[in-house]
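Heads up: the structure comes next, in structure tokens.
Below, chain A is the first sequence line, B the second, and so on; all start at residue 1.
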2 protein chains.
Amino acid sequence: MTSKTKAPGADLPLNQILAGDCIDVMNSLPAGSVDLIFADPPYNLQLKGDLHRPDNSKVDAVDDHWDQFSSFAVYDDFTKAWLKAAKRLLKPNGAIWVIGSYHNVFRLGAELQNQGYWLLNDVVWRKSNPMPNFKGKRLTNAHETLIWASRDESAKYTFNYEALKALNDGIQMRSDWVLPICTGHERLKDSNGDKAHPTQKPESLLHRILIATTNPGDVVLDPFFGTGTTGAVAKMLGRDFIGIEREEAYRTVAEARLARVRKFDASALEITGSKRSEPRVPFGQVVERGMLRPGEELYSVGNRYMAKVRADGTLVGNDVKGSIHQVGAAYERAPSCNGWTYWHFKRDGKMIPIDILRQQIRAEMEADHARPN
Amino acid sequence: MTSKTKAPGADLPLNQILAGDCIDVMNSLPAGSVDLIFADPPYNLQLKGDLHRPDNSKVDAVDDHWDQFSSFAVYDDFTKAWLKAAKRLLKPNGAIWVIGSYHNVFRLGAELQNQGYWLLNDVVWRKSNPMPNFKGKRLTNAHETLIWASRDESAKYTFNYEALKALNDGIQMRSDWVLPICTGHERLKDSNGDKAHPTQKPESLLHRILIATTNPGDVVLDPFFGTGTTGAVAKMLGRDFIGIEREEAYRTVAEARLARVRKFDASALEITGSKRSEPRVPFGQVVERGMLRPGEELYSVGNRYMAKVRADGTLVGNDVKGSIHQVGAAYERAPSCNGWTYWHFKRDGKMIPIDILRQQIRAEMEADHARPN
DNA sequence: TGTGGAATTGAATCTGGAT
DNA sequence: GATCCAGATTCAATTCCAC
């Protein structure tokens, strides 16, 4: 382990996991010594009873003691304190990433602003495989929010624009990132075979963050280190890290994990490869976008049947309601039907298949993806 | 314009644009009279003199000298005031949507929580055609954030789950919505041919919001009405609206726009409903009507368990007696069980779920209800 | 060893009406 | 307000297991 010429404090405990409360530990480190902070603080979930899936299995909820706060005021005090300690540690051109859900992220963002951090972007992690909403009472909670902020308005923060553009097939990176949640072999297990940490983040997320906003040799601090995803990716990418973790069980898992990591593991670079396939277009989008109006009549192939569009993107015909596919199948007494090619709308006396509209939407998406700059 | 019997205040100024400051106007309206609020508040922190404290005290100009902290405080005062006025207007089961970007949305969300609104989801509007980032210094700002919250934790808010699922081709709607920004003929122009409003929202966004969280006849308030997207979509979808707008120029454009809008057919506004709203059928009715006889045997899913029907509509199995749900739950050692789909009876050697019998009874009730007297 | 179907699982503020 | 209880409710990815 070499001391860094860039670092003001040569005594910086690099590439280690420090035990203890993150505020105390941060305050013990030299000011202005860290390039980037990644922080995944407790979300302050306020869960009531148990939640069961439709098959009656029980959801393994986040009920850990470290996520319990008695009020927003207590949570805000905690947030104020660690953000203040974090700011002191940042170099003048340093930056921070925080991640949260709607339970806590508004409080994080507001306090960042209050303390004079300068918000650069909010970034949405769109989960490709989120947990569904089992009770049908809300929207599927399919994303988390990250906030990227520099130490203050004058900071000359690091942003590797071209590297991110390259990661995104040559198109500039947007503020919404589609990445899968952490599952499979990447998900660390404890000795019982249960998940070692309830909220382990995927390496692909940290990979993108570190590629975007650090350079090799930078010092990355994670005050809520958990099972050490930040440290693992930092090590792979040739960045130095400092982890802080209060729970001994997490530290143990993280130490073992870090020992297994190899620097510049080429496979890490392939994690975020983009998949190109024809995107699914729900018929409802055609209605929402006003390409067809609720009440408008659609006609079947051969003009034998008619059905009307409803505001929720279903069709209603004679005694039949349902999707474009279901109503088509019912009329034809067929087990299935491709509604996109079956149904037509009239324009200037001509019958036009609704698939034209889907192609228009796809063309827009394609044009957007291919737009230069 | 008809007065609504549902509304507590028959003097509610429905389907109009009210001129004036939104806080003053909201405070002049009767409490508990609005089903849904959609709010797109200004997020300009440069405060071009258009924000003032609730007590109307003059705010020191911030355009001459950037003072971040005082400007946040002023913005927070403004947010507090209008959210408080909004909460007073909501019916007990009412809800609110607010939209913002990273400049203001964290302050909005935190204040919603502070005031006791109950956050239901944060929703990401993922723009399919955002403005690119020209300088290459940050990520393309390709989304805005909406927050959906009920008036308080106990509110029985409206959520048309099945309709949204239909809009999304049969898969439950997620918290990230991909919709294009408002362009083309939908984008309103002023007499110079310039865009009439800098942040006109697409009708598709309001369509989804109103389908999701209102029913026909509901009262929707927009305190920052602008060019009236909320009113236009509300009118199309058979909802009543109240708009508040301070700027005469926007009111003029909105009035003209609303005059052009036509309501959709009633049949087109019918949406896919929830099973919860179907009438409850006691299992005892199945026995009373002779569809199953006392003593008849029912078999569980997978044919593993058996129970006998008793004359009072309960079941008796091995050491278990009770409702179809209770006996099913006991056999499965599950916290609950839907007996209607769990139990099957035999006819001609085939296993048929007893839910078929419930559907027959419901169909009879339907036919009976529809029969003219 | 391959393949197809069943089982498992993930940061969750996840019911509602009658009594 | 607390309690009881009918009965409605899931998507994608991975792993496990039977054959």
Taking donor-acceptor contacts at under 3.5 Å, does the side chain of [X] reach the base of [N]?
X	N	value
A/S128	D/dA13	no
A/R138	C/dT13	yes
A/K201	C/dA11	yes

Starting from [atom2] on [N], measure out to [atom1] on [X] and report it in whole angstrom.
X	N	atom1	atom2	result
B/L315	D/dA6	CG	C1'	14 Å
A/D60	C/dG10	CG	C1'	9 Å
A/R53	D/dA8	CZ	P	21 Å
B/R174	C/dA11	CZ	P	14 Å
B/Q172	D/dT9	CD	P	11 Å
A/R187	D/dA13	CZ	C1'	13 Å
A/N141	C/dC14	CG	P	11 Å
A/L139	D/dT10	CG	P	14 Å

Suppose you measure atom [atom1] in [N] against the same atom in [M]; what distance do you get, rounded to whole Å?
N	M	atom1	value
D/dT9	C/dG16	C1'	14 Å
C/dA12	D/dC5	C1'	24 Å
D/dT15	C/dA11	C1'	23 Å
C/dT13	D/dA6	C1'	25 Å

For B/K308, is the NZ atom crowded, meaning more than 12 foreign heavy atoms sit under 6.0 Å from it?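 Open.
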Pairing donors with acceptors under 3.5 angstrom, does anything connect the side chains of A/S175 and A/N121?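 Absent: no donor and acceptor within the cut-off.
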What I want to check is whether the side chains of A/S57 and A/R53 have a donor and an acceptor closer together than 3.5 Å.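 Present: a donor and an acceptor within the cut-off.
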Would you indicate, yes or no, if [N] has its OP1 or OP2 atom less than 4.0 angstrom from a side-chain nitrogen or oxygen of [X]?
X	N	value
B/K165	D/dT10	yes
A/N133	D/dT10	no
A/K135	C/dA12	no
A/H185	D/dT15	yes
B/Y161	D/dT10	yes
B/H325	D/dA6	no
B/S323	D/dA6	yes

Could you check A/F78 against A/F69 for ring-ring contact (aromatic ring centres under 6.0 Å, His included), going step by step and ending with a plain yes or no? CA-CA 9 Å; A/F78 167 72; A/F69 294 85; 5.3 Å; yes
Which nucleotide in the list [options] gets nearest to the side chain of [X]?
X	options	answer
A/V62	C/dG10, C/dA12, C/dT13	C/dA12
B/I171	D/dT10, D/dC11, C/dG10	D/dC11
B/Q113	D/dA6, C/dT13, C/dG10	C/dT13
A/L51	D/dT9, C/dG10, C/dA12	C/dA12

Check whether NZ of the Lys or CZ of the Arg A/K127 lies under 6.0 Å from the centre of the six-membered ring of A/W125 and within 45 degrees of that ring's axis.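 Pair A/K127/A/W125 counts as cation-pi.
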Which sits closer to the 5' end of DNA chain C, A/K137 or A/T199, going by the nucleotide each is nearest to?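 In this pair, the answer is A/T199.
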5' priority, DNA chain C, between A/F134 and A/I99 [closest heavy atom]: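 Of the two residues, A/I99 wins.
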Taking only Lys NZ, Arg NE, NH1 and NH2, and the carboxylate oxygens of Asp or Glu, determine whether A/K195 and A/D60 approach each other closer than 4.0 Å.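 Counted as a salt bridge, because a side-chain N and a carboxylate O are separated by less than 4.0 Å.
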Could you tell me which nucleotide pairs with [N] by Watson-Crick or G-U wobble geometry, both distances under 3.5 Å, or answer none if nothing does?
N	result
C/dA11	none
D/dC17	C/dG4
D/dC4	C/dG17
D/dT9	none

With no hydrogens and no angle check, is any side-chain donor or acceptor of A/D190 less than 3.5 Å from a backbone partner on A/G193?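 Yes: the side chain of A/D190 pairs with the backbone of A/G193.
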Could you check if the base of C/dT8 is syn or anti? Syn means the glycosidic torsion is within 90 degrees of 0.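 Anti, which is what one calls it when the glycosidic angle falls more than 90° from 0.
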Closer to the 5' end of DNA chain D via nearest nucleotide, is it B/S274 or A/R280?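 Its nucleotide being nearer the 5' end, the pick is B/S274.
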